[in-house]
Amino acid sequence: MTHSSLPERIRRDFPILSRTVHGKPLVYLDNAASAQKPLAVIEAQREYLSNYHANIHRGAHHLAQLATEAYESTRQKIANHIGAYTTDEVIFTAGSTDAINLVAQSWGRTNIAEGDTILVTQMEHHANIVPWQMLCEEKRARLIPIAVHPDGTLDLDDLDQALRQHEPKLVGVVHASNTLGTINPVEAVCRAAKAAGAITVVDGSQALPHLAINMQTIGCDFYVATGHKAYGPTGVGFLWGRKALLNAMPPWRGGGEMIHSVSFEGTTYNEIPHKFEAGTPHISGGIAFGVALDWMNGIGLESIHHHETELVHHAQSALETIPNLKVIGTANQKVGVVSMVVDGHHPYDLGTLLDGQGIAVRTGHHCTEPLMAHMGLSSGTLRMSFAAYTTREEIDRAVIALERAINMLN
Amino acid sequence: MTHSSLPERIRRDFPILSRTVHGKPLVYLDNAASAQKPLAVIEAQREYLSNYHANIHRGAHHLAQLATEAYESTRQKIANHIGAYTTDEVIFTAGSTDAINLVAQSWGRTNIAEGDTILVTQMEHHANIVPWQMLCEEKRARLIPIAVHPDGTLDLDDLDQALRQHEPKLVGVVHASNTLGTINPVEAVCRAAKAAGAITVVDGSQALPHLAINMQTIGCDFYVATGHKAYGPTGVGFLWGRKALLNAMPPWRGGGEMIHSVSFEGTTYNEIPHKFEAGTPHISGGIAFGVALDWMNGIGLESIHHHETELVHHAQSALETIPNLKVIGTANQKVGVVSMVVDGHHPYDLGTLLDGQGIAVRTGHHCTEPLMAHMGLSSGTLRMSFAAYTTREEIDRAVIALERAINMLN
Amino acid sequence: MSADLIASRQSEVIEEFSLFDDWMDKYEHLIELGKDVPEIDSGKKTDEHLIKGCQSRVWLAADEQHDGTVTFTADSDAIITKGLVGLMVRVLSGAEAQAIADADLQFLDTIGLHQHLSPTGSNGLASMVKQMKLYAAALAARRS
Amino acid sequence: MSADLIASRQSEVIEEFSLFDDWMDKYEHLIELGKDVPEIDSGKKTDEHLIKGCQSRVWLAADEQHDGTVTFTADSDAIITKGLVGLMVRVLSGAEAQAIADADLQFLDTIGLHQHLSPTGSNGLASMVKQMKLYAAALAARRS
Ligand SMILES: Cc1ncc(COP(=O)(O)O)c(C=O)c1O
Ligand SMILES: Cc1ncc(COP(=O)(O)O)c(C=O)c1O
């Protein structure tokens with residue numbers, strides 16, 4: 001079976017893909033913002049809510065046990081999927097943003113002091129910038145960006161120099177850029193950062209849907225990802241952290257579940273992972289996230305990555321034929337993201353006119369304003385982003401629609 | 001139509017209610033932990049995920065607009081439902097716990113200083129204790145409990161005295177107790193607290209499913225609730241706050257959505273409510289939460305409260321006939337919660353044997369350890385809690401099953 | 001009366017757009033309108049007049065006239081947004097302050113462009129309309 | 001060999017419980033077992049020996065014997081939990097440290113009581129088993 005038949009095999013798993021928009025068949029190329037959900041994921045949520053919903057962990061009754069087992073089995077699946085050393089290193093969060101804030105507020109407020117430096121790359125999503133800015137402001141520490149080359153790859157020399165010059169306490173790096181598609185050499189970054197004595201945080205939001213991820217080979221200290229970009233539900237994600245670090249960190253949110261015992265004289269906290277999981281979690285989301293991982297693994301990350309790489313090449317060569325169009329981010333190693341600008345046309349106009357033709361793309365700064373400023377793209381880019389179910393034909397339709405949009409604007 | 005026909009009319013809306021547990025028809029009396037979901041709520045999530053899922057707010061394309069409108073319409077529904085002054089006073093959170101932590105971390109860390117006092121009642125859920133304890137520890141402030149009478153009502157004299165003696169900066173009170181059922185006179189508490197110069201936080205987690213709630217009559221400064229106890233999904237809830245307070249508060253979580261503009265030189269934040277809503281939210285949950293509110297309002301909170309009050313009276317008189325059983329929490333004004341202990345029997349044993357008969361109840365401290373300690377109930381209680389769909393017959397079955405359990409243990 | 005003026009201008013726009021059933025035709029027209037909107041004076045294309053949507057930027061200048069009416073000029077860096085701000089200016093500019101403050105702007109909804117006016121919209125249009133109304137309300141209050 | 005000892009005791013318990021299909025009968029038996037578990041010495045019902053589940057409490061005492069085996073005694077304030085800890089003691093007590101550390105405790109699963117052993121369980125049983133194994137592993141390591 002060839003890889004190009006992948007979408008054929010799986011498109012029928014996605015009910016939304018057969019809908020129309022403005023009377024045209026939907027072409028959904030906004031997967032980096034959020035992927036669509038296979039039936040198995042949708043049904044897992046429905047099944048849970050219809051058949052065994054109950055609050056988890058504390059309940060002795062049967063439904064509570066079923067729900068707890070299903071929810072906790074996702075923790076196990078995540079641990080297996082990312083090669084965690086133990087299951088309790090996996091903390092459920094509301095998403096990547098929530099996970100990074102947990103690290104910044106818990107690890108960061110304990111370990112960052114006045115005068116310290118934090119490095120993050122210039123291509124980070126706001127979620128891996130703003131929590132550190134807020135921390136640095138509180139602690140009078142400094143947040144310093146690592147430069148990005150014009151082709152959208154990380155400037156490793158700048159990283160090396162910054163490590164030497166600033167001796168940072170922490171280095172944050174995105175595994176794959178949501179704006180450029182660039183897959184960063186996170187192993188090398190983590191090795192260099194560790195050698196310089198820094199703790200590392202890898203933002204895997206865009207890696208989880210596209211790449212095999214392994215904590216033991218990446219060598220980071222913290223890794224975060226979010227379910228909804230990986231065919232799972234919104235509102236659920238995870239933080240992975242090294243056990244020793246997690247054990248040493250104070251809790252962040254207080255409430256039920258995260259305590260061992262509470263009294264007004266003094267409260268003691270639960271062990272990891274529960275120490276970081278206050279309150280009733282997004283149970284149906286947690287369960288369905290596990291189903292999404294199963295679904296992805298059923299297809300195989302190999303096949304998905306191979307298929308998406310083909311799509312990126314196909315899209316980039318088709319787009320080359322459009323005059324005045326420039327692809328932004330031309331790294332060799334990319335996930336399924338193609339950003340572009342067209343001279344003289346605002347991405348918002350182009351995106352609106354694509355929408356009118358049923359093509360869903362995203363335009364703007366993609367929550368990476370510093371990157372856009374660094375690249376001199378004040379209006380952002382137009383971004384097409386792919387998933388396992390995206391076809392070459394869809395990309396061809398999008399390219400034709402883009403040509404039409406440009407004609408209308410000329 | 002009489003109120004007792006309420007369950008008859010609505011039970012078929014709840015698919016789970018026709019299932020069995022250990023071969024016996026399910027009697028679900030754990031509603032204070034989490035309510036079951038009507039079909040409308042389940043279908044709203046399915047429909048969203050099958051038909052118009054997309055990431056919200058930033059997208060210019062059609063699906064993103066549909067999703068944003070649906071999600072934002074829930075904010076409007078919440079605002080209407082609770083009598084908010086304006087819609088932007090409603091902040092989406094991951095639940096009550098998350099909402100209280102937001103207030104503690106954002107308002108609290110800005111406004112609480114060394115030597116300050118915070119008062120909360122002795123009957124608070126851990127979610128309205130631990131975040132304040134963590135804050136007090138950080139700031140060297142004091143957290144002091146307001147006493148509860150043996151019947152489970154709040155000691156208003158103790159409140160008055162504590163207000164005079166400690167001049168607290170903040171008073172936290174649960175609208176309805178999840179362990180006792182007590183409906184607290186939150187209007188009076190807020191009035192007294194305000195007169196003493198304190199900010200008030202009301203935990204409405206158990207009020208939302210049972211009572212009409214109005215910000216303008218309660219007179220609090222912050223109000224929190226969670227969706228899953230009110231027939232909605234888990235992982236979504238809200239914080240309501242007075243606009244002037246919210247505007248003055250710093251953001252808590254950093255990331256996408258909550259910013260106006262980001263650069264390494266300096267970031268500016270968005271306006272409320274978005275300032276407090278970093279990252280991709282639980283979109284399907286937000287949408288379905290609105291449907292849950294519609295569903296409740298379709299039935300009428302009047303009818304629900306009336307029905308549940310009847311159930312509480314029915315249960316309490318039926319339980320009275322069991323020797324050595326004591327109902328814990330006998331306030332006049334209660335939501336559908338009946339806690340009890342049976343002399344000489346551990347609640348865990350009773351709960352386990354009820355489960356064997358298909359009856360789902362909760363046992364233990366119900367995340368109110370300080371209350372249990374205050375009342376000398378170190379093993380907690382057995383709690384039956386009701387919803388709009390609970391019938392008298394279910395309660396009768398539970399009482400018979402409880403008698404059988406006691407017999408088995410004797 | 002200015003309220004009637006605003007209403008009749010809205011009807012005019014609605015009629016104009018009723019010629020197009022097709023989504024693309026409608027946008028083609030909007031683009032033409034956008035191209036025809038005169039650029040705002042470069043002196044007014046400053047940060048002071050900038051309304052930052054998260055995607056396109058909008059500049060708005062408001063001038064109070066002696067007779068209590070308000071003249072608006074507006075511009076955008078995106079042509080579709082420019083067409084939309086042009087429509088807003090066409091409907092509101094020259095009306096009395098109070099009428100602007102009170103205006104019920106249904107026409108975008110009627111012609112099927114309401115999504116551009118969503119408060120969480122990214123083009124700056126909603127913020128612009130809010131600012132037009134705030135300006136007019138302040139002016140009306142001052143004069144009364 | 002101690003591993004065989006543990007295995008055969010598990011089989012014994014499984015056989016004993018196979019008499020009951022009905023959930024309630026099974027629990028009736030568990031309750032009887034719980035009543036028969038001798039109370040732990042009051043000297044051992046101390047905080048030092050306490051394992052706090054979030055609902056029922058468990059006390060566990062472990063004694064190393066000269067021959068390298070471990071004797072356990074256990075108690076709980078809930079009778080069903082007491083029946084369960086009694087079963088664990090019955091299966092493990094008196095076995096060699098290494099065999100305890102390595103024991104694969106399938107029997108609760110087989111007799112349909114595995115939910116009581118879930119790591120997020122609230123009765124303290126899972127924590128107790130963990131502690132039994134840690135104790136035995138430490139002892140075995142010390143002796144080897
Ligand atoms: C009174 C009360 N407050 C707070 C909470 C916490 O709600 P959640 O777990 O949804 O955050 C609960 C429910 O567990 C509750 O009953
Ligand atoms: C690279 C990257 N990091 C972080 C995030 C934030 O994820 P979430 O919004 O689910 O928290 C995103 C997606 O928006 C992303 O693409």
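Lettering follows sequence order; numbering is per chain, from 1.
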> Checking heavy atoms, do the side chain of A/Arg109, its backbone, both or neither come under 4.5 Å from chain B?
Replying inline: side chain
>> Is it the case that the side chains of B/Gln36 and A/His53 hold a donor-acceptor pair, with the cut-off being a distance below 3.5 Å and no angle test?
In response: no
> Between A/Ala360 and chain B, which part of the residue has a heavy atom less than 4.5 Å away: side chain, backbone, both or neither?
Replying inline: both
> What part of A/Pro251 is in contact with chain B, defined as an atom under 4.5 angstrom from a non-hydrogen atom: side chain, backbone, both or neither?
Replying inline: both
> What residue in A/Ala104, A/Ala94, A/Cys367, A/Gly256 has the most heavy-atom pairs under 4.5 Å with chain B?
Replying inline: A/Gly256
> Which bit of A/Tyr28 comes within less than 4.5 Å of chain B, counting heavy atoms only: side chain, backbone, both or neither?
Replying inline: side chain
> Under a 4.5 Å cut-off applied to non-hydrogen side-chain atoms, are A/Ile283 and A/Asn55 in contact?
Replying inline: yes
>> Can a donor-acceptor pair be found, under 3.5 Å and without considering hydrogens, that links the side chain of A/His282 to the backbone of A/Thr234?
In response: yes
> Can you name the one residue among B/Glu137, B/Gln133, B/Glu369 that meets side chain to side chain donor-acceptor pair (under 3.5 Å) with A/Thr267?
Replying inline: B/Gln133
>> As an exercise: rank B/Ser261, B/Ala54, B/Ala278 by heavy-atom pairs under 4.5 Å with chain A and give me the winner.
In response: B/Ser261
>> Please identify, among B/Ser50, B/Ser284, B/Ser263, the residue contributing the most non-hydrogen atom pairs under 4.5 Å to chain A.
In response: B/Ser50
> Given that the side chain runs from C-beta out, which part of A/Ala35 has a heavy atom under 4.5 Å from chain B: side chain, backbone, both or neither?
Replying inline: backbone
> Is chain A contacted by the side chain of B/Ile100, its backbone, both, or neither, given a heavy-atom distance below 4.5 Å?
Replying inline: neither
> Given that the side chain runs from C-beta out, which part of A/Leu49 has a heavy atom under 4.5 Å from chain B: side chain, backbone, both or neither?
Replying inline: both
>> I'd like to know whether B/Phe276 forms a ring-ring contact (aromatic ring centres under 6.0 Å, His included) with B/Phe92, so could you lay out the CA-CA distance, the side-chain angles of the two residues, the decisive distance to 0.1 Å, and finally the verdict.
In response: CA-CA 8 Å; B/Phe276 295 109; B/Phe92 279 111; over 10 Å; no
> Is it true that the side chains of A/Glu124 and A/Thr121 contain a donor and an acceptor less than 3.5 Å apart?
Replying inline: yes
> Looking at A/Gly227, A/Ser34, A/Ala127, which has the largest count of heavy-atom pairs under 4.5 Å with chain B?
Replying inline: A/Ser34
> Most heavy-atom pairs under 4.5 angstrom with chain A, which of B/His125, B/Glu43, B/His22?
Replying inline: B/His22
> Where on A/Arg46 is there a heavy atom nearer than 4.5 Å to chain B: the side chain, the backbone, both, or neither?
Replying inline: both
> Would A/His228 and B/Thr280 count as having a side-chain donor-acceptor pair, cut-off 3.5 Å?
Replying inline: yes
> For chain A, which of B/Pro281, B/Gly235, B/Gly254 has the most heavy-atom pairs under 4.5 Å?
Replying inline: B/Gly254
> With chain A, which of B/Val262, B/Leu354, B/Ile42 has the greatest number of heavy-atom pairs at distances under 4.5 Å?
Replying inline: B/Val262
> Would you say the side-chain atoms of A/Asp203 pair up with the backbone N or O of A/Ala225, donor to acceptor, closer than 3.5 Å?
Replying inline: no
>> Under 4.5 Å from any heavy atom of chain B, what part of A/Leu63 do you find: side chain, backbone, both or neither?
In response: side chain
> Between the side chains of B/Thr368 and B/Thr179, does any donor sit under 3.5 Å from an acceptor?
Replying inline: yes
> Pairs in or reaching into residues 276-289 of chain A: which pass salt bridge (charged side-chain N to carboxylate O under 4.0 Å, His left out), with residues at least two apart or in two chains?
Replying inline: A/Arg75-A/Glu277
> Quick one: what part of A/Leu66 sits under 4.5 Å from any heavy atom of chain B, side chain, backbone, both or neither?
Replying inline: side chain
> Checking A/Leu39 against chain B: side chain, backbone, both or neither under 4.5 Å from a heavy atom?
Replying inline: neither
> Between A/Leu135 and A/Ile118, is any pair of side-chain heavy atoms under 4.5 Å apart?
Replying inline: yes
>> A/His61 and side chain to side chain donor-acceptor pair (under 3.5 Å): which single residue from B/Asp355, B/Thr363, B/Thr352, B/Asp30 fits?
In response: B/Asp30
> chain A: which of B/Arg253, B/Glu257, B/Gln105, B/Lys37 shares the most heavy-atom pairs with it under 4.5 Å?
Replying inline: B/Arg253
>> Taking side chain as everything from C-beta outward and backbone as N, CA, C, O, which of these in A/Trp132 sits under 4.5 Å from a heavy atom of chain B? Side chain, backbone, both or neither.
In response: neither
> Is there side-chain contact between B/Val130 and A/Met258, with at least one heavy-atom pair below 4.5 Å?
Replying inline: yes
> Which answer fits A/Pro145, side chain, backbone, both or neither, if we ask what part of it has an atom under 4.5 Å from a heavy atom of chain B?
Replying inline: both
> For A/Glu138, is it the side chain, the backbone, both or neither that has a heavy atom under 4.5 Å from a heavy atom of chain B?
Replying inline: side chain
